[in-house]
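A quick write-up on the structure given underneath.
Chain identifiers are assigned alphabetically (A, B, ...) following the order of the sequence lines, protein sequences preceding nucleic acid strands; residue numbering begins at 1 within each chain. Side chains included, hydrogens not; waters and symmetry mates left out as well; all remaining heavy atoms used. Everything quoted here is computed from the prediction, not taken from an experiment.
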Amino acid sequence: KQEVTQIPAALSVPEGENLVLNCSFTDSAIYNLQWFRQDPGKGLTSLLLIQSSQREQTSGRLNASLDKSSGRSTLYIAASQPGDSATYLCAVRPGFQKLVFGTGTRLLVSP
Amino acid sequence: NAGVMQNPRHLVRRRGQEARLRCSPMKGHSHVYWYRQLPEEGLKFMVYLQKENIIDESGMPKERFSAEFPKEGPSILRIQQVVRGDSAAYFCASSPPGTSEYNEQFFGPGTRLTVL
């Protein structure tokens with residue numbers, strides 16, 4: 001059974017810091033891995049999707065890496081801003097169907 | 001091109017009532033997924049449907065929950081005789097036809113169900 005773990009559960013940093021969020025999964029047989037952002041009381045915004053054949057994806061200040069063999073992914077946020085404050089969710093796709101989500105990292109960036 | 005639509009956004013029910021949650025997928029999408037997010041927990045898969053077919057309902061509670069995706073109209077998640085433990089955010093996602101590993105799921109804003 002695929003399980004996804006995210007560390008840390010919560011993170012508080014001052015504005016401007018670079019930070020890394022971690023995601024690990026127990027079964028390396030995945031099609032892709034996706035990072036989402038969720039604001040309080042809101043839906044999910046897809047940030048980056050990494051296919052199983054890829055090693056990383058970049059979008060603006062965000063960079064996500066994937067090491068499928070070790071079951072790990074990291075989301076790197078450069079020069080953090082207060083607007084980055086949200087919960088970040090990692091999800092893997094073990095088949096054509098469902099996504100399996102981690103419990104998220106709650107990020108607070110202080111001005 | 002409108003995204004995934006869900007309604008209502010907020011739903012309040014008393015114990016024992018029925019809750020109906022609706023999801024309209026993105027235009028051209030024929031696959032629908034429902035996920036539930038309990039307070040302080042991650043999203044959990046419930047069911048995967050294609051038009052008129054339930055493909056995978058391995059995450060659905062065995063009783064009181066049902067889902068459909070008719071040929072015409074939105075997908076419906078139905079919860080009968082709701083209990084307080086059903087209070088959660090219910091998210092719908094859709095993806096294009098086909099089973100390509102590159103198909104991405106796009107999420108709606110969710111319906112927040114509160115059971116009094």
Side-chain angles (χ1 to χ4, degrees), chain A residues 1-10 21-54 57 59 64 66 68 86-106, chain B residues 2-7 9-10 21 23 26 30-50 53-60 67 69 87-114:
Chain A
K1 178 185 172 185
Q2 179 72 267
E3 293 184 359
V4 180
T5 303
Q6 290 187 245
I7 295 173
L21 309 182
N22 296 292
C23 172
S24 62
F25 46 96
T26 55
D27 189 340
S28 62
I30 63 170
Y31 283 103
N32 57 47
L33 182 145
Q34 203 163 353
W35 283 93
F36 293 88
R37 169 184 172 140
Q38 185 176 27
D39 293 281
K42 305 290 186 182
L44 278 68
T45 301
S46 179
L47 298 173
L48 292 165
L49 184 150
I50 311 175
Q51 299 294 349
S52 61
S53 58
Q54 297 175 322
Q57 281 285 340
S59 176
L66 173 63
K68 208 173 73 159
T87 296
Y88 290 81
L89 298 170
C90 165
V92 299
R93 190 174 175 198
F96 288 128
Q97 303 165 353
K98 61 187 176 186
L99 295 175
V100 179
F101 283 85
T103 50
T105 293
R106 193 175 303 172
Chain B
V4 178
M5 311 281 284
Q6 289 189 250
N7 66 82
R9 295 290 306 277
H10 300 273
L21 289 62
C23 169
M26 287 180 68
S30 58
H31 298 192
V32 166
Y33 314 79
W34 286 93
Y35 295 83
R36 177 167 67 173
Q37 186 176 35
L38 293 167
E40 304 302 320
E41 293 189 18
L43 278 78
K44 304 286 188 195
F45 168 80
M46 299 181 75
V47 62
Y48 162 45
L49 310 101
Q50 295 179 18
N53 284 301
I54 297 174
I55 307 301
D56 180 357
E57 55 182 349
S58 59
M60 287 277 271
F69 189 17
S87 295
Y90 292 82
F91 290 95
C92 169
S94 72
S95 67
T99 55
S100 167
E101 63 191 77
Y102 298 104
N103 281 354
E104 184 177 349
Q105 294 181 21
F106 295 84
F107 281 78
T111 293
R112 278 150 186 85
L113 173 65
T114 301

Heavy-atom cut-off 4.5 Å, strictly under: side chain, backbone, both or neither for [X] against chain A?
| X | result |
| --- | --- |
| B:Phe106 | neither |
| B:Gln6 | neither |
| B:Ser58 | side chain |

Contact origin within [X] toward chain B - heavy atom pairs under 4.5 Å:
| X | result |
| --- | --- |
| A:Gln38 | side chain |
| A:Leu44 | both |
| A:Lys42 | backbone |

Task: Separation of B:Ser95 OG from B:Met26 CE (nearest 0.5 Å) - done: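 B:Met26 atom CE to B:Ser95 atom OG measures 10.5 Å (nearest 0.5 Å).
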Task: Choice from A:Thr103, A:Leu99, A:Leu89 maximising heavy atom contacts with chain B below 4.5 Å - done: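 Result: the option with the highest number of such pairs is A:Leu99.
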Close side-chain approach of [X] and [Y], heavy atoms under 4.5 Å:
| X | Y | value |
| --- | --- | --- |
| A:Ile30 | A:Gln2 | yes |
| A:Leu47 | A:Ser59 | no |
| B:Val32 | B:Trp34 | yes |

Open item on the list: Let's test your reading of the structure: which of B:Lys44, B:Glu41, B:Gln37 forms the most heavy-atom pairs below 4.5 Å with chain A?
Closed with: B:Gln37
TODO: Check the angle between the aromatic planes of B:Phe107 and A:Phe36 and answer parallel, tilted or perpendicular using the 30° and 60° thresholds.
DONE: perpendicular
Open item on the list: Below 30° counts as parallel, above 60° as perpendicular, anything between as tilted: where do the rings of B:Tyr33 and B:Tyr48 land?
Closed with: parallel
